[in-house]
Amino acid sequence: MREGISENEGNTEGNFGNNEEEDTEAVALTDIRRDRNARESLRWIEEMIRAMQRTRGGGGSGAATWGEVGPGFEVEAQFVAPSLALRSSAFRASWLARGESSGSSSAVAEAEGSGKEKCDRDAHNKRAKVYSCSNDSHYAAVMSSDVGDSTSSADRDLGLTQSSSISSNNEICYHNFMWNNNSDENPLDSSGGRDGGDDSVISNSEDLDVRMDLTDDLLHMVFSFLDHMNLCRAAMVCRQWQAASAHEDFWRCLDFENRNISVEQFEDMSRRYPNATEVNIYGAPSIHLLVMKAVSSLRNLESLTLGKGQLGDPFFHALGDCSMLKNLNVNDATLGNGIQEIPINHDRLCHLQLTKCRVMRISVRCPQLETLSLKRSNMAQAVLNCPLLHLLDIGSCHKLTDAAIRSAAISCPQLASLDMSNCSCVSDETLREISHTCANLHILNASYCPNISLESVRLPMLTILKLHSCEGITSASMSAIAHSSLLEVLELDNCSLLTSVSLDLPRLQNIRLVHCRKFADLNLRSIMLSSIMVSNCPALHRINITSNSLQKLALQKQENLATLALQCQSLQEMDLTDCESLTNSICDVFSDGGGCPKLKSLVLDNCESLTAVRFRSTSLVSLSLVGCHAITALDLACPSLELVCLDGCDHLEKASFCPVALRLLNLGICPKLNMLSIEAPFMVSLELKGCGVLSEATINCPLLTSLDASFCSQLKDGCLSATTASCPLIGSLILMSCPSVGSDGLFSLRRLPHLTVLDLSYTFLMNLEPVFDSCLQLKVLKLQACKYLTDTSLEPLYKDGALPALQELDLSYGTLCQSAIEELLACCRHLTHLSLNGCANMHDLNWGCSGVQIYEFPSKFSSAALFSDENLPVSTEQPNRLLQNLNCVGCPNIRKVAIPPVARCLLLSSLNLSLSSNLKEVDVVCFNLCYLNLSNCCSLEILKLECPRLTSLFLQVWAILTFNEFLDLVIVCAYPYHNSRVKGQKEHFSTKLDNVGLTLSK
């Protein structure tokens, strides 16, 4: 590196050499140096990396160490040796020399002289320079660093990237400098090594030099959002960020929770930030020594958190010296030696928490103390002298006696919140003493106190009362609770002896009654009641609630609930799922005038005692009667009803929906429905599929577009005529298996000008004239298994041009003869989908005939030309068929299928001939055929396919062809116009299957 630098210094002097008399020679020397620098750039990169590795490995003179970044952290950064800076300066000078036609030596000297000054200025302001060579997409990522006097500002122009990692909890190191350039060319050469104008080079360099300044105030504002770890990471960026991140405003709180910090480190932190106000050493080792250092050195300490260790008696005596302390939190610690009395005396302490602490006795004298928590501590006695205390938590202090609890509570006359949960020895006498002394008590938690019954206890200011699992609470206790007129929250979970609750509390907002085994009667009256939780009360049979604020009520799984009275003016959602004892009288509660005028959602799922449901409600929007098997009659007059669920109402016989706002209705799950009346001005879809006994139906739905009456065997012509008169917009009508529908009903279809889909499958129709005359816009006609249709029934289709818009025709399982089918296929060229499944009278499907122009195909096609429209045959004598899908599944007598080019089936894409057991020959020439199903065609002997676009071929249970014949078939499908060329290439058939997907079995 030293030899290279010496040579480079010579080059640098040559680069900046000035000869004003010979400009041409200077330009030539500049070009030579530029080319030489371009060739040597990669070599210098490699030497630089090796030098850095040596420096990093041996800790040589090239390594520099930054100062301390943040509290408790030191950052070590390894820098490039000064020789690299010299090389960088020469490299930049060589690049800049190309843009100077005159090569002024004075300018060069000025630039060299101001290098150090510029470096110091940029190091202070931290302006990041970014160069981007757009021609070859080279980007130089610039990182400012704290460098020595030998380093120039050109170092920031090098493409260096820097990565960092945290080596431990207390150290963060910089490492792994890399040159970010993968090209042999000069990364700062915007012309990419090509000849170009020097002026453009200088202009580009000026445009690509971007400076970004961050003032100290702005940086301080940004850093205020960072935690300590991110502050330490930010300190590694530069000297300015290091100074900004160490500002004492960010280190007011010293958080060492669960950190392995030594006493020396903590003492150093305390000296560095003497104005810290919060310290957290919970879980740190030697907490007694650490907290003594904190108390003695941090005079502005306001909050102290510690725990998981032992605190000696000297700490509590020294606590008074920390005059600014307001918050002390000790958790899971042993106080003193565990058997002595611990005094806590402090004049300004406001909040004290001693949770899970092991101590025999404690004495607290804090005149300013407001909150005290001794939760889960095992002390036997607590002496309190805290006149301003308003919150006391002694929950789960099992060793505190009844007398100790009484003494501690009554010594705090300003007490407003008391938690004595899990103090099993508390008695009613203690509560009476507390109620007399603490007149301002608002919150009381006496859960899991089995000895209290609230007898003669009066707490008039109480707002929150929690009595979970209090075995002494009975119905008599409600008289004491009733005197708490300000009560807002009442919780009575697991009160096993409670049988009834009757309260009239004007401010009550929330009540809980969960797992009360003997609870049977609930009577609540409160205009502000907004939440009721009643669950798993198996004996509950009567509820009476009056409230103006209750909006949602859930009484699920109350199996014995039989009587429900509600006066809830704001109630919107009601859930009575699995309330099996509810009777029909519940309908009056939720109808207009029943006390819930704003009810929108009602759930009565699995209420199996309901038999006749009748609702008259102008507000009801959603109704669910899922699983109500006993309902036989349903009468809904709810003009706002948009959703009704009747799944499982399989005994429903009569249903009336007049009026409703339903858009969709499915009654197909009601097989016993025989009478139906619907008045729904917004309904668009009605499904009656499976209503086999439906004989009377009045449907008045002016917007109805889809009606499915499949298997409605009792539906007659009169009902169909009335429906078509009141529902003129029907576009899809399914009358499959409606044998009672005849010609009179079909003639009424002329009232449906928008009818496009008609299904008359499995009917006894003999004449289709009403359909041909009435349904002029019909697109889909299904006539499956219409066995009474004669051979002439479809003549209007292929002779008179009836139903000109028809696209899909299904004649499956019919009795049409071969000639009728042939004429239909020959004349109805506008059909796109045709189904002839199971037609026993069809023997052949041969679309080849004489008198039609034969198509001539080119003898040879390239694989690319196969799919070109230029090679498709063209004829002008017959119109093309629009057929796309042809199904002939299970035709037992069909023997031959021939679709030659003269058939003009240019759009046919799917052909299904499966289950045709007597089919022997298939000869298909179709350019767009993609799907062919020949499954279970056991008699097939001849198969000729010229289908270049075939992608799916099904041949299940097809054992007639030998393997070699099958290979011939595959090759013909893949290369239909190259048979002679590929006959001898069967061994490569696996590579030719890419164009066809096969499903083979047996």
(message) If we check side-chain contact (heavy atoms from CB on, under 4.5 Å) with Val771, which of these qualifies: Leu755, Leu783, Leu765, Leu778?
(response)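 Considering Leu755, Leu783, Leu765, Leu778, a side-chain contact (heavy atoms from CB on, under 4.5 Å) with Val771 is found only for Leu778.
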Between [X] (side chain) and [Y] (backbone), is there a donor-acceptor pair under 3.5 Å?
X	Y	value
Ser619	Pro597	yes
Ser640	Thr618	yes
Ser909	Gln884	yes
His629	Gly648	yes
Asn893	His843	no
Ser549	Leu529	no
Asp791	Cys817	yes
Ser591	Phe615	no
Asn887	Val889	no
Thr577	Asp605	no

Considering all heavy atoms, the nearest [X]-[Y] contact:
X	Y	answer
Ala539	Arg517	CB-O, 3.6 Å
Leu665	Val644	CD1-CG1, 3.8 Å
Ala840	Pro892	CA-CD, 4.2 Å
Arg751	Ala725	CD-CA, 3.9 Å
Pro538	Asn536	CD-O, 3.3 Å
Leu620	Cys638	CD2-SG, 4.2 Å

(message) Angle between ring planes, Phe954 versus Tyr931, binned at 30° and 60°: parallel, tilted or perpendicular?
(response)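 Ring orientation of Phe954 relative to Tyr931: tilted.
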Kindly check if the number of other-residue, nucleotide or ligand heavy atoms within 6.0 Å of [atom1] ([X]) is above 12?
X	atom1	value
Arg512	CZ	yes
Glu653	CD	yes
Tyr798	OH	yes

Taking side chain as C-beta onward, heavy atoms only, is [X] less than 4.5 Å from [Y]?
X	Y	result
Leu555	Met574	yes
Leu704	Leu729	no
His830	Pro804	no
Leu768	Leu794	yes
Leu836	Leu845	no
Cys596	Lys598	no

(message) With side-chain contact (heavy atoms from CB on, under 4.5 Å) as the criterion, how do Leu809 and Leu803 come out once you've worked through the C-alpha distance, each side chain's angles and the decisive distance to 0.1 Å?
(response) CA-CA 11 Å; Leu809 179 62; Leu803 303 182; over 6 Å; no
Under a 3.5 Å cutoff, is there a donor and acceptor pairing between the side chains of [X] and [Y]?
X	Y	answer
Gln956	Ser935	yes
Asn837	Ser835	no
Asp578	Asn606	yes
Asn700	Ser726	no
Asn523	Asp521	no

(request) Walk me through it: do Leu540 and Leu513 pass the test side-chain contact (heavy atoms from CB on, under 4.5 Å)? (result) CA-CA 11 Å; Leu540 183 63; Leu513 291 160; over 6 Å; no
(message) Under a 4.0 Å threshold between the charged nitrogen and the carboxylate oxygen, would Asp810 count as salt-bridged to Lys782?
(response)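 So Lys782 does not pair with Asp810 through a salt bridge.
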Could you measure the distance from the [atom1] atom of [X] to the [atom2] atom of [Y]? Nearest 0.5 Å is fine.
X	Y	atom1	atom2	result
Lys716	Ser713	NZ	OG	8.5 Å
Cys905	Leu929	SG	CG	10.0 Å
Leu662	Leu643	CG	CG	7.5 Å
Thr763	Leu746	OG1	CG	8.0 Å
Thr723	Ile699	OG1	CD1	4.0 Å
Leu686	Leu676	CG	CG	7.0 Å

(request) Starting from the C-alpha separation in whole Å, work towards a yes-or-no answer on side-chain contact (heavy atoms from CB on, under 4.5 Å) for Ile586 and Leu610. (result) CA-CA 9 Å; Ile586 194 68; Leu610 298 178; 3.9 Å; yes
(request) Apply side-chain contact (heavy atoms from CB on, under 4.5 Å) to Met842 and Cys888, showing your working. (result) CA-CA 10 Å; Met842 187 171 62; Cys888 297; 3.9 Å; yes
(message) According to side chain to side chain donor-acceptor pair (under 3.5 Å), does anything in residues 814-825 pair up with another residue at least two apart or in another chain? List the pairs.
(response)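 Output for this query lists Gln818-Glu822.
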(request) Kindly state each residue pair satisfying side chain to side chain donor-acceptor pair (under 3.5 Å) with at least one member in residues 552-565, sequence neighbours excluded. (result)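 Residue pairs passing side chain to side chain donor-acceptor pair (under 3.5 Å), neighbours aside: Gln556-Asp575.
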(request) Please report the C-alpha distance between Asp635 and Arg616 in whole Å, then the side-chain angles of each, then the deciding distance to 0.1 Å, and finally whether the salt bridge (charged side-chain N to carboxylate O under 4.0 Å, His left out) criterion is met. (result) CA-CA 8 Å; Asp635 186 2; Arg616 299 283 187 273; 2.8 Å; yes
